[in-house]
Amino acid sequence: MDILKLLNEQQQQAVMAGLGPVLVMAGPGSGKTRVLTYRIAYLIQMMGVRPHQILAVTFTNKAAREMETRVADILADRFSDVTQSQVQRPSLGTFHATCARILRKEAHHLPFSANFVIFDSDDQISVVKQAIRDIDLDDKLYRPRAVHGVISNAKNELFLPDDFPIQTYRDEVMARIYRRYQELLLASNALDFDDLLLWTAYVMDNHPQVREYWGRRFEHVLVDEFQDTNLAQYELLKHLVHFHRNIYVVGDADQSIYGWRGADYRNVLRFENDFPDAQKILLEHNYRSTQPILDVAMAVIDRNPARTPKRLFAERGSGTKVILQEAYDDRAEAVYVVDTIAGLVARKQVEPGDCAVMYRTNAQSRLLEEAFLRAGLPYKLVGAQRFYGRREVKDIIAYLRLIHNPNDSISLMRIINTPARGIGNKTVITIRTLAQQSGVGMVELLEDLRKGDESVFWNSFPSRMAKVAGAFGHLFYRWRGLLNQLNPLELVDQILLDTEYQTYIDDGSDEGHDRWENILELRRLAAEHELSSLETFLEHIALVSDQDTLIGEMKVPTLMTLHAAKGLEFPTVFIVGLNDGTLPHSRSFDDPEAMQEERRLFYVGITRAMDRLYLVNAQSRSQFGYPEPADPSRYIEDIPSGLIEGRFSSASQLTVKNRQNQAARWKPDRVIEEPKTTQHFHPGMRVLHPAWEEGMVLNSRLEDDEEIVDIFFEGVGLKRVAASMAKLEIIT
DNA sequence: ATAAAGTGACTTTTT
DNA sequence: GTCACTTTAT
């Protein structure tokens, strides 16, 4: 098999491992995805496995998609002569998507029906709130987000409400909320993300024939990012491979960064216990990063205790040193990043699209965006401001969901008066109580009201109320009648038309216009699903996050969280916010496990870099609006100083490149103009000010032909001055 | 019933 | 500095 020539010895061993359980431990940049894809190709080509008998689960849609194309490429090469039988594709998807698919087939064993909807995080929080309200608890004491976390963890550990472990009074309350939450979901015929896993594990546990069916259906199960599986996922896998034991998992405990979400890297140990005969293969050759970058990575990760020692051999050799830079504050940090990228691009050392900026929390993206914007430089942001999270998009989706599943009371509450149609709180309560008393669904009741005084409910309302409610019910009655004749796009258009949504949202303001643009984007998405059922369209929306919606293949720098960076690589990487409290995040301080995870997160970030790595911290950061002094990250101490440069040698590099450079677009051929103003002040200088007397320069930068200097004056504090205005005298 | 204005609470990471 | 939720005024 000539494709194997492209693989090193360990990779070949992994690809050609025999059947039965296999555990591949793959360090960063060691060709993990390559091994997985070739393994699939190998199974099909050499072992005669039929593609549809292969199930490969990934953690993200992005990973699934990448694997899909790569497998398709290999197979297209291999089978260019063959057509029909090989056109079958292996099943490739996230755990959640795979489970949704299984559950739609097996719903008859379960307390919901096959047209269930999947609630997103916002919906889930709404349900928690409702549950808390239902049992008369104070949502200040039981904060919905926190409660949801508890419920989610319970589900990940396969605890149903009845099994919920109770140690304290609070636990007992949690169990009650959990029970109510679950009732509400089922009443809405809805599942949350965790339910997808939980119910799938549950149905396989309780129905051996279901387990057997899917076990035979998927003769080979491959798992990517195995260290990120939680207990529910692990149990599910065990069920799936119960018969054939053909389970092939790939992972790296050092890259486990989803513990907060129930992921348990100890699943690797469980795996070794449950499959003692598993073949173990280590991939330790790194093809991504230069030696200095790998050295830093190893220095950082080695500090984690109880780590299975794993070496990484650099295949790429030497390179530039890792640069450590301290900025005055988080704003200056962002400017430094933009300046540095602009400088590297101007000197043609990197392409804009080769650069990535990574940070711990999404909130950190704001200053970076501002800096890019101010410099007039394009960038792209992955994740964060979520398309599907936007009000207007959620509104229309709520209409669709409610048409698909009239029991979805969360969606109903969302849109019953959006756009405003005169159905206020009072009307809603009347409808709800009446529906409950007569044992009909709210949508059913509304639809009945469309018949006017022929409806048995008509006289239970004041006439004005009955009229508006009936008019709304009429809309739904029509839409549901149209359901089978219209595709998703036509249905969206019908809703937009009937609700006069554009008039409502596009009020002439810029913001209104943006919102309407988002609706048009949703239409575009719906257009892609021209041939799909509404159900498929909705499932796509629920399970494909914003992380996956690529904003085109623009060749510009990418901004993202460290989490979002996993699995990616970039020639030039900036990791910002290297301050204690940010990275590691303060919320992890009191939890040793979480602290180790913070370190792994940093390690993941470092190992994304191929050629250049910049680590940036700030002397002060704004947390809640006001700046506070910030300590450098403890991780900086862990890096032998011989491996880094920048911080102690030349702090003035901070302002090497000026705004003119920034103003240059990402065009390599653009000429760089010389700054008209030159810089006179540098950090560390002592200066004399006519009013504030002696002070020390903390930072200086050129901005619009003006030198802006930040100076700390004894007894006065920090001042920011323009050098041409303030008559500063340099003392040292 | 609705819109505007005020309040408080919070920010880790995501399927 | 932002968002969600509550109160207040129309």
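Lettering follows sequence order; numbering is per chain, from 1.
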Under the salt bridge (Lys or Arg N to Asp or Glu O under 4.0 Å) test, which residues partner [X], sequence neighbours left out?
{"X": "R634(A)", "result": "D580(A)"}
{"X": "R608(A)", "result": "none"}
{"X": "E535(A)", "result": "R104(A)"}

- Item | Under-4.0 Å side-chain N/O to phosphate OP1/OP2 contact, S588(A) with dT13(B) |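 The answer is no; no side-chain N or O of S588(A) sits under 4.0 Å from OP1 or OP2.
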- Item | Contact under 4.0 Å: N362(A) side-chain N or O vs dT11(B) OP1/OP2 |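 No.
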Atom-pair distance ([atom1] on [X]; [atom2] on [N]), nearest Å:
{"X": "D138(A)", "N": "dA9(B)", "atom1": "CG", "atom2": "P", "value": "11 Å"}
{"X": "F193(A)", "N": "dT15(B)", "atom1": "CZ", "atom2": "C1'", "value": "5 Å"}
{"X": "W260(A)", "N": "dT15(B)", "atom1": "CH2", "atom2": "P", "value": "8 Å"}
{"X": "I151(A)", "N": "dT15(B)", "atom1": "CD1", "atom2": "C1'", "value": "17 Å"}
{"X": "L601(A)", "N": "dT13(B)", "atom1": "CG", "atom2": "C1'", "value": "7 Å"}
{"X": "K155(A)", "N": "dT15(B)", "atom1": "NZ", "atom2": "C1'", "value": "13 Å"}
{"X": "F119(A)", "N": "dT14(B)", "atom1": "CZ", "atom2": "C1'", "value": "19 Å"}
{"X": "D192(A)", "N": "dT14(B)", "atom1": "CG", "atom2": "C1'", "value": "13 Å"}

- Message: Is a donor from one side chain sitting under 3.5 angstrom from an acceptor on the other, for D194(A) and S152(A)?
- Response: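 The answer is yes; a qualifying pair exists.
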- Query: Do F574(A) and Y359(A) have their ring centres less than 6.0 Å from each other?
  - Reply: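 No.
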Got a list of protein N/O to nucleotides 1-3 of chain B N/O distances below 3.5 Å?
residue	atom	partner	partner atom	Å
dA1(B)	OP1	G424(A)	N	3.1
dT2(B)	OP1	G422(A)	N	3.2
dT2(B)	OP2	N417(A)	ND2	2.8

Residues that [X] engages under side-chain contact (heavy atoms from CB on, under 4.5 Å), provided they are two or more places apart:
{"X": "T582(A)", "answer": "R360(A), Q364(A), N579(A), R621(A)"}
{"X": "A471(A)", "answer": "none"}
{"X": "Q502(A)", "answer": "D506(A), W516(A)"}

- DNA chain B: R145(A) or A97(A), which has the more 5' nearest nucleotide?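 That would be R145(A).
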- In which ranges does DNA chain B form stems of 3 or more consecutive Watson-Crick or G-U pairs, distances under 3.5 Å?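 Listed by first number, the stems are B:1-10 with C:1-10.
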- Message: Is the shortest side-chain heavy-atom distance between V357(A) and V576(A) below 4.5 Å?
- Response: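 The answer is yes, as the side chains (C-beta and beyond) meet within the 4.5 Å cut-off.
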- Item | Minimum-distance nucleotide to T94(A) side chain [options: dA9(B), dT14(B), dT15(B)] |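 Of the candidates, dT15(B) comes closest.
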- Residue T361(A), side-chain atoms from C-beta onward, closest of dT13(B), dT11(B), dT15(B):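 That would be dT13(B).
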- Nucleotide interval of DNA chain C bounded by contacts with chain A (heavy-atom cut-off, under 4.0 Å):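 Terminal contacting nucleotides, 5' to 3': dG1(C) to dC5(C).
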Using a 4.0 Å heavy-atom cut-off across all strands, classify [X] as base, sugar-phosphate, or nothing.
{"X": "H96(A)", "value": "base"}
{"X": "F95(A)", "value": "nothing"}
{"X": "K566(A)", "value": "nothing"}

- Item | Heavy-atom donor-acceptor pair, R261(A) side-chain to dT13(B) base, under 3.5 Å |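 Result: no qualifying N/O pair found.
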- Message: Using the side chain to side chain donor-acceptor pair (under 3.5 Å) criterion, which residues pair with E106(A)? Sequence neighbours excluded.
- Response: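 E106(A) satisfies side chain to side chain donor-acceptor pair (under 3.5 Å) with W214(A) once adjacent residues are dropped.
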- Message: Could you work out, with side chain to side chain donor-acceptor pair (under 3.5 Å) as the rule, every residue matching S622(A), not counting sequence neighbours?
- Response: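 Applying side chain to side chain donor-acceptor pair (under 3.5 Å) to S622(A) gives none.
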- Task: Mind checking ring pair (Phe, Tyr, Trp, His ring centres under 6.0 Å) for F119(A) and listing every partner two or more places apart, or none if nothing turns up?
- Result: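 Here no residue qualifies.
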